[in-house]
Each structure stands twice: as structure tokens, then as C-alpha cells.
Amino acid sequence: MRILIVEDESALRTSLVTQFKEAGFNVDSAIDGEEGLYYGREYPIDLAIIDLGLPKLPGLEVIKRLRAEGRAFPILILTARDQWQEKVEGLQSGADDYVAKPFHFPEVLARTQALLRRSAGWAQAVLQGGPIALDTRTQHVSVEGRVVELTGFEYRVLEYLMHRAGEVVSKAELTERLYAQDFDRDSNTIEVFIGRLRRKLDPSEQVRPIETLRGRGYRFVLERRVPVAEAASA
């Protein structure tokens with residue numbers, strides 16, 4: 001998934017970018033509100049993390065403008081712990097959640113993952129389509145309980161397709177979520193990843209989880225299911 005971090009404090013921004021990349025995200029970052037607004041308008045963002053105390057353009061104004069222009073991706077705001085008024089105003093302006101500074105990265109990561117799941121219509125941490133289960137917390141993938149070993153890029157391709165289950169995802173869209181802006185978009189790397197995923201997830205070619213639509217892209221076609229353990233506890 002591709003996220004945007006808008007934070008003017010250099011050390012914090014660098015730390016967040018590094019940790020999110022280590023967690024498997026493609027990350028863009030901006031140092032002020034004007035740059036953050038540009039990225040939010042022009043880049044294919046799945047989620048934005050926006051500090052409210054930004055130079056040039058306040059974080060609240062960035063959020064208001066993005067929402068006024070129809071940008072619907074989830075927004076997580078960063079705010080000082082004692083500024084409850086900012087939290088309220090941020091949520092009223094269109095943000096979806098907040099984290100108070102100082103914070104621990106695992107909390108930010110968990111809130112980010114929850115917002116991404118909910119925006120895609122998944123209520124639980126484990127995404128399950130047919131016999132395929134993908135745990136967004138551990139990044140483990142299994143088929144009928146059998147663990148499947150995936151590379152980092154294979155996992156990210158599968159996660160994005162499952163987030164968008166039932167929808168057509170173009171090769172260009174997948175590329176934008178996986179790679180830096182200067183990646184060669186004529187490369188056949190995406191096709192290679194899709195081919196490897198099919199062989200690992202469905203070696204007997206009985207399930208056929210990923211459909212290719214020539215000239216349009218790919219679609220995860222298996223029906224969404226509630227994981228057995230979570231259904232039993234409901």
C-alpha cells in the first residue's frame with residue numbers, strides 16, 4: 001500500500017518513513033503543508049498521515065482541501081497530546097483517526113492497517129478469500145491452513161489485490177503502489193509476480209484466485225469470507 005507522511009520535524013519524519021518501509025509500505029513524504037497537499041492531489045495515495053502543526057499550510061487546511069476536492073483516502077492525524085481541541089477539529093474536518101505525540105510506532109502501524117482494511121471493506125485483520133488467508137498483522141499467508149512462503153513483493157501484490165477484491169486493478173496501479181516514482185513501467189515484473197503467486201497459491205490450478213483481464217489488469221476473484229476463528233467468537 002502507498003502512504004503519504006506529512007511531517008515537518010525531520011527526525012520524526014525520517015523515522016516514520018524508515019519504519020513504514022520496513023513494514024512493507026511504499027512511502028512518500030512531505031515537509032510542509034503545501035508539499036503535502038501537492039502529493040495528496042497528484043500521487044496515488046492509499047492513506048495519509050498528517051501532522052497538524054505544519055509550516056506554510058496548517059494540517060487542518062490540508063485535510064479540508066483534500067476532502068473538498070473529493071480525495072477519500074483515509075487520513076490519520078498527528079497532534080500534541082494535550083491539544084484535544086485539535087483532535088476534535090481534525091476529525092470534524094475529515095480525518096478518520098488520530099495519534100497523540102509522543103507515540104510508539106506499533107500504535108501508528110496498527111491504526112494505519114485498521115484504516116486501510118476498513119476503507120477496503122474488511123472488518124478483520126485477516127483477509128480471507130476462499131481458502132486463502134492473509135494476516136496483515138504478521139504478513140503470513142496460508143491456503144487451507146498451509147503456510148505459503150512469499151517474497152516481500154509477492155506479499156504486497158497479493159495484499160493489494162485482496163484489499164481490492166472483486167475490482168480490476170491495472171498493472172500501472174500495482175506498479176505505483178509497489179515502486180518508487182522512477183520505476184520502469186514497461187517492465188514485465190508485475191506479470192512475473194502474478195505468475196509466481198499463482199504457482200504458489202494454486203499449484204494445481206483448481207482455485208484460480210487471480211484473473212487476468214487482457215489490456216485492463218488483474219482481479220482477485222475469490223469470495224470474501226470471515227475467518228473461522230473470528231466467526232466462532234462473534
Side-chain angles (χ1 to χ4, degrees), residues 1-3 18-27 44 46-47 73-74 105-180 183 187-213 217-234:
M1 310 297 279
R2 187 166 189 161
I3 65 172
T18 299
Q19 291 181 95
F20 270 110
K21 285 184 176 180
E22 290 175 348
F25 289 82
N26 192 4
V27 186
D46 294 304
L47 177 142
F73 51 75
F105 178 72
E107 178 186 2
V108 180
L109 178 61
R111 290 181 181 275
T112 297
Q113 291 171 330
L115 288 174
L116 288 169
R117 289 196 307 269
R118 291 167 188 160
S119 70
W122 294 93
Q124 62 279 344
V126 177
L127 315 184
Q128 182 144 6
I132 299 172
L134 182 150
D135 192 326
T136 59
R137 299 162 298 191
T138 62
Q139 298 192 356
H140 289 167
V141 175
S142 62
V143 179
E144 294 182 338
R146 172 182 59 87
V147 175
V148 178
E149 296 294 335
L150 301 180
T151 67
F153 280 112
E154 290 166 359
Y155 173 86
R156 289 162 68 182
V157 169
L158 179 62
E159 181 186 36
Y160 193 74
L161 289 175
M162 290 188 73
H163 267 280
R164 299 279 303 277
E167 302 177 30
V168 179
V169 179
S170 70
K171 174 184 172 183
E173 186 175 349
L174 276 173
T175 301
E176 288 168 340
R177 263 60 181 188
L178 295 174
Y179 294 102
F183 179 74
S187 168
N188 69 344
T189 304
I190 297 297
E191 287 92 331
V192 172
F193 288 148
I194 293 292
R196 290 188 343 207
L197 276 172
R198 285 174 171 147
R199 289 191 293 274
K200 290 183 177 182
L201 298 172
D202 186 30
S204 61
E205 298 186 0
Q206 294 182 339
V207 180
R208 300 184 182 276
I210 303 173
E211 177 185 18
T212 297
L213 295 96
Y218 306 97
R219 177 166 53 201
F220 187 86
V221 297
L222 302 183
E223 184 178 358
R224 298 186 185 203
R225 291 168 49 190
V226 176
V228 175
E230 297 197 26
S233 63

So does E223 get a backbone contact from the side chain of Q128, meaning a donor-acceptor N/O pair under 3.5 Å?
no
Separation between OG of S170 and CG of L213, rounded to the nearest 0.5 Å
11.5 Å
Can you tell me how far apart CD1 (I132) and CG (L222) are? Round to the nearest 0.5 Å.
5.0 Å
In the structure I gave you, are the side-chain heavy atoms of I194 and Y218 within less than 4.5 Å of one another anywhere?
yes
Does the distance from a Lys or Arg side-chain N to an Asp or Glu carboxylate O, for R208 and E211, drop under 4.0 Å?
no
Can you label the angle between the F193 ring and the F153 ring as parallel, tilted or perpendicular, going by 30° and 60°?
parallel
Can a salt bridge be assigned to the pair K200 and E154 using a cut-off of 4.0 Å between side-chain N and carboxylate O?
yes
Is the backbone N or O of G24 less than 3.5 Å from a side-chain atom of R156, with the two atoms forming a donor-acceptor pair by type?
yes
Find the distance between CZ (R2) and CG (L116) and round it off to the nearest 0.5 Å.
14.0 Å
Would a 4.5 Å heavy-atom cut-off, applied to side chains only, mark T175 and K171 as touching?
yes
Straight-line distance of S119 OG to M1 CE, nearest 0.5 Å:
6.0 Å
Among side-chain atoms of R198 and T212, is any donor-acceptor pair under 3.5 angstrom?
yes
Looking only at side chains, do R164 and Y160 share a donor and an acceptor under 3.5 Å apart?
yes
In this structure, NE2 of H163 is separated from CG of L134 (nearest 0.5 Å) by 7.5 Å
Within the side chain of D135, is there an N or O that forms a donor-acceptor pair under 3.5 Å with the backbone of H140?
no
